[in-house]
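Written below as structure tokens is the structure these notes are about.
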Amino acid sequence: MIDKIKNTIRVELESSLTELYNQAINVVVEEPKSNNLGDISIPVFSIVKTVKKPLNEVVDEVIKALGKTSVKHLFAEINKIGGFINLTLNRLTFSKDVIRDKQVIGLNKLDFGNGKTIVIDYSSPNIAKPFSVGHLRSTIIGHAIGNILEKLGYKVVRINHLGDFGTQFGKIIYAYLNFGDKAKVDENPIEELVKLYVEFHELVKKHPEIDDKAREIFKDLELGHKEYYKLWEHFREVSLAEYMKVYEMLNVHFDSYNGEAFYNDKMQAVVDELTVKGLLVKDEGAMIVELGEEMPPALIQKSDGSTLYITRDLAALFYRKNTYNFDEVLYVVGNEQKLHFEQLKAVVKKMGYDYYQDIHHINFGLVLQDGKKMSTRKGSIVKLDDVLVEAVNLSLDYINEKNPTLANKEEIAQKIGVSAIIFNDLKNHRINDIEFNLQDMVNFIGQTGPYLQYTSVRITSLLEENEFNCEKIDYQLFTNDHSFDLIKTIAQYEEILVKAKEEYSPSVLAKYLLNLATYFNSFYAKEKIMVEDEIERNTKLCLISIIRNILDEGMNLLGMQVIKKM
RNA sequence: GCGCUCAUAGCUCAAUUGGAUAGAGCGUUUGACUACGGAUCAAAAGGUUUCGGGUUCGACUCCUGAUGAGCGCGCCA
């Protein structure tokens with residue numbers, strides 16, 4: 001709402017000042033750092049520079065122009081301090097507008113997306129490998145972005161592009177056939193398969209020739225070798241069953257589980273098209289697409305004829321464009337694959353499809369351990385189960401300490417623990433690397449998931465026992481500082497969602513929710529809600545109900561669980 | 001070697017994308033429930049924004065050099 005006002009001021013000022021000075025004027029409208037300076041401010045330095053007139057004169061002329069804008073009635077004061085013009089909102093009118101506007105929050109999708117389709121590729125774990133904390137990031141970030149997009153009115157297609165193909169299967173099958181133990185693998189599939197994978201890499205150091213064997217096996221698998229195919233199918237099945245447990249716990253779902261293998265029969269078409277368009281070049285036995293000086297070439301086909309990662313990604317992209325006719329496609333994949341997606345876009349551009357511009361790599365920082373990337377090959381992977389179990393146990397400890405008589409303790413501990421992990425991941429911008437630190441992940445005090453849940457619970461317990469009616473309220477009560485902070489924050493909600501979309505970063509929403517909760521808790525410490533006076537009580541209940549609606553919806557969008565007691 | 005990303009309080013992160021006195025949480029110290037949930041609130045201490053140089057009314061933000069860290073760089077995904 002404030003953004004709307006700012007925008008109106010900017011547009012109207014620009015047009016009237018451009019007319020006044022007879023040259024193009026750019027106006028900057030922003031919010032001052034500290035609240036006591038006002039609600040909206042306009043620095044005029046750049047205008048002074050373009051029109052080359054004394055600062056004071058320009059300030060007065062801008063103020064005069066402000067008086068003619070369509071939003072002038074919203075302001076109680078206009079002050080000039082140096083080169084800044086500070087506007088103070090009329091708190092009474094603004095509060096009325098906000099409260100009336102926000103009572104229906106959570107019921108409506110916004111029309112920002114206008115029904116456009118966005119395909120989002122996230123989670124995408126590698127079959128026969130444990131679900132790592134790295135994949136957890138992709139899952140959490142992708143899920144939250146998907147939710148936010150849906151709320152904004154986009155049609156979202158969620159795809160789990162399983163890593164169920166590639167030379168790794170040659171390695172695993174080789175290891176399984178040569179030194180695997182069938183009974184052990186059946187009993188504890190993922191763990192045993194990883195052991196085999198790690199053992200294989202140990203063995204390669206002494207016997208480099210088995211790498212070629214593995215590649216051969218994969219090549220045969222690609223061509224439909226029966227025994228290998230059966231093994232592959234089995235590995236895929238047991239792995240997916242494990243992942244589904246995680247998805248259930250996180251409450252994450254997908255529209256499609258088509259992984260890399262799904263595109264096995266769609267790759268020749270890609271190779272053919274590249275050939276027809278004259279983009280494919282033979283180099284050291286392999287087929288590549290040259291991408292100029294800035295980028296290394298894209299390797300499309302190995303010298304033995306089998307395909308590579310980027311070939312499958314191209315096939316997948318074309319399939320998705322044909323099937324869903326997306327307006328944008330998002331890949332929620334770690335930072336280390338940046339070059340890969342730049343190459344992907346470059347190849348698509350060279351093929352003459354201008355939707356290369358709609359491909360976005362939503363990169364995120366690595367999960368580091370002792371400052372280094374984790375690697376399955378070295379066996380240094382942290383299992384997700386351990387993390388979640390730890391978080392749930394800890395929240396159960398908290399409940400036993402703080403609220404031992406609570407019903408359904410285990411269920412609530414589950415919701416708190418899992419949500420804490422989710423929030424911890426989303427609260428910072430996704431581009432930051434994170435050092436894996438269990439203690440940080442399960443911290444329940446301060447800027448955390450439980451803080452948001454606790455705030456919501458506090459409000460819920462007040463609302464459940466009391467009736468209220470947002471028609472009978474006294475807007476004058478919103479004009480003190482600690483109430484108006486809340487009104488202004490409430491007013492920002494939709495703008496925050498739009499910003500989260502523009503940056504593809506759920507952290508924008510996460511930080512906003514913390515901010516809202518903090519203002520509420522501060523308000524709560526200063527004001528008694530259940531007062532005698534009916535109008536005042538009603539007014540406060542109405543305000544906090546709107547706050548809770550936003551908190552709850554915001555938490556759900558992030559993928560967190562809302563609870564009523566804790 | 002080349003490319004990309006990053007460097008802000010002891011720690012984890014913000015800073016309206018070039019604006020005013022660089023803000024939060026954790027940790028440390030102190031204070032607050034006979035009013036509704038203390039997983040909370042209030043306050044204090046803590047900074048040459050890694051280091052030079054430049055651009056301009058104004059730089060944490062842009063350019064340039066250095067240092068340090070991470071990631072990537074043809075037959076893995």
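None of these values were measured; they are calculated from a predicted model.
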Counting heavy atoms from C-beta on, name the nucleotide in [options] closest to the side chain of [X].
X	options	result
A:K33	B:U16, B:C57, B:G72	B:U16
A:R458	B:A39, B:A20, B:G38	B:G38
A:K302	B:G37, B:A35, B:C76	B:C76
A:P32	B:G72, B:A20, B:C75	B:A20
A:K402	B:A20, B:C41, B:A39	B:A39
A:L339	B:G72, B:U16, B:G19	B:G72
A:I399	B:C76, B:G19, B:A39	B:A39
A:K338	B:C4, B:G37, B:A39	B:C4

Worksheet item: Are A:L317 and A:Y331 side-chain neighbours, meaning at least one heavy-atom pair lies under 4.5 Å?
Response: yes
Worksheet item: Is any side-chain heavy atom of A:I490 less than 4.5 Å from a side-chain heavy atom of A:L543?
Response: yes
Worksheet, complete the sentence: Using Watson-Crick geometry (N1-N3 plus N6-O4 or O6-N4) or G-U wobble (N1-O2, O6-N3), each under 3.5 Å, B:U16 is paired with none
Practice prompt. Searching all strands shown, indicate the nucleotide that pairs with B:A9 (Watson-Crick or G-U wobble; both distances under 3.5 Å).
Written response: none
Item to complete: Would you state whether a donor and an acceptor, one from the side chain of A:S41 and one from the base of B:A20, lie under 3.5 Å apart?
Response: yes
Pick out the pairs of N or O atoms, protein on one side and nucleotides 42-46 of chain B on the other, that lie under 3.5 Å.
{"unit_1": "B:A42", "atom_1": "OP1", "unit_2": "A:S522", "atom_2": "OG", "d": "3.3"}

Check: [Y] main-chain N/O paired with [X] side-chain donor or acceptor under 3.5 Å:
X	Y	result
A:K427	A:Q447	yes
A:S132	A:H135	yes
A:W232	A:F165	no
A:R537	A:M530	no

Is there ring stacking between [X] and [N], where the centres must be under 5.5 angstrom apart and the planes under 30 degrees?
X	N	result
A:F84	B:A20	yes
A:Y454	B:G37	no
A:Y398	B:A39	yes

Practice prompt. In whole angstrom, give the distance that lies between atom CG of A:L314 and atom C1' of B:A77.
Written response: 15 Å
Worksheet item: Just how far, in rounded Å, is P of B:A39 from OH of A:Y524?
Response: 11 Å
Item to complete: Scan residues 414-433 of chain A against RNA chain B and write down, sorted by residue number, each residue with any heavy atom closer than 4.0 Å; if none is found, say none.
Response: A:I416, A:N428, A:H429, A:N432, A:D433
Item to complete: Just label B:U17 as syn or anti from its O4'-C1'-N9-C4 or O4'-C1'-N1-C2 angle, using within 90° of 0 for syn.
Response: syn
Discussion item. Here's a test for you: under side-chain hydrogen bond (donor to acceptor under 3.5 Å, both in side chains), which of A:K302, A:E222, A:Q301 qualifies with A:T307?
Written reply: A:E222
Worksheet item: So, A:D304 and A:K219, do they make that salt bridge, N to O below 4.0 Å?
Response: no
Worksheet item: Would you say the side chains of A:N521 and A:Y451 form a donor-acceptor pair under 3.5 Å?
Response: yes
